[in-house]
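Worksheet: the structure to be examined is printed underneath.
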Amino acid sequence: MSDTVGDQKVVMIEYTLKAPDGSVLDASGDGPPLAYLHGAENIVPGLEKALSGKTVGDALDVTVPPAEGYGEREGEPFKIPRDQFPEGIQPGMEFVIEDPSGGIRPHWILAMDEQAVLVDANHPLAGMELAFSVKVVGVRDASKEEIEHGHPHGPGGHHHH
Ligand code: ZN
């Protein structure tokens, strides 16, 4: 079926993401639906798995454990001297650190003062059980270009400049 969620489909979803305590962490809200390319790791594995085989109009509640979400927490936050960062940084910002082998690893700023910046290599949602309420509002075939890029283009998707 052409409107069934599967690999190489661009899927449009409306979603609300809640923490175990019920607080809303993220939501598509009144904005456009989120568009993602199925099978390309655009969304967390547990949610992608739950959406597989669903069709337009399906609504589901999915509880995703950390291992299928943003991973378990590893390591502890650490400090980096403030002068190694540019002006304008703020807690919550993401940045990358290049490791000795040339790979890049995302890090997040937790807190800062004039001397130091406290950073963490864990995604802010790592170690957390995630409760998604999701509705599939659109499914279409991905273009060849979208499959090559690994993300959707157009409304709700990736924009190139
Ligand atoms: Zn692209």
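Whatever order the structure lists ligands and atoms in, that order sets their numbers, starting from 1. What you see is a predicted model; the values in this text were computed from it and never measured. When reading the values below, keep in mind they use all heavy atoms of this one structure, side chains included, and skip hydrogens, waters and symmetry mates.
K49 has a carboxylate O that lies under 4.0 Å from a charged side-chain N of E68, or vice versa, which qualifies the two as a salt bridge. Under 4.0 Å is where a charged nitrogen must lie from a carboxylate oxygen, and between E146 and R140 at least one such pair does.
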Residues 91-99 side chain polar contacts: donor-acceptor under 3.5 Å, at least two apart:
{"from": "D99", "atom 1": "OD1", "to": "S101", "atom 2": "N", "distance (Å)": "3.0"}
{"from": "D99", "atom 1": "OD1", "to": "S101", "atom 2": "OG", "distance (Å)": "2.7"}
{"from": "D99", "atom 1": "OD1", "to": "G102", "atom 2": "N", "distance (Å)": "3.2"}
{"from": "D99", "atom 1": "OD1", "to": "G103", "atom 2": "N", "distance (Å)": "3.0"}

Expected list for residues 57-66: side-chain donor-acceptor pairs under 3.5 angstrom, two or more places apart:
{"from": "D58", "atom 1": "OD2", "to": "T55", "atom 2": "N", "distance (Å)": "2.9"}
{"from": "D61", "atom 1": "OD1", "to": "S133", "atom 2": "OG", "distance (Å)": "2.7"}

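Take the Zn ion (ligand 1) and draw a sphere of radius 2.8 Å; the protein N/O/S atoms inside it number 4.
Linking Ile, Leu, Val, Met, Phe, Trp and Tyr residues whenever their side-chain heavy atoms come within less than 4.5 Å places V44 and I13 in a single cluster.
Alongside V24, the hydrophobic cluster contains no other residue (criterion: ILVMFWY side chains under 4.5 Å).
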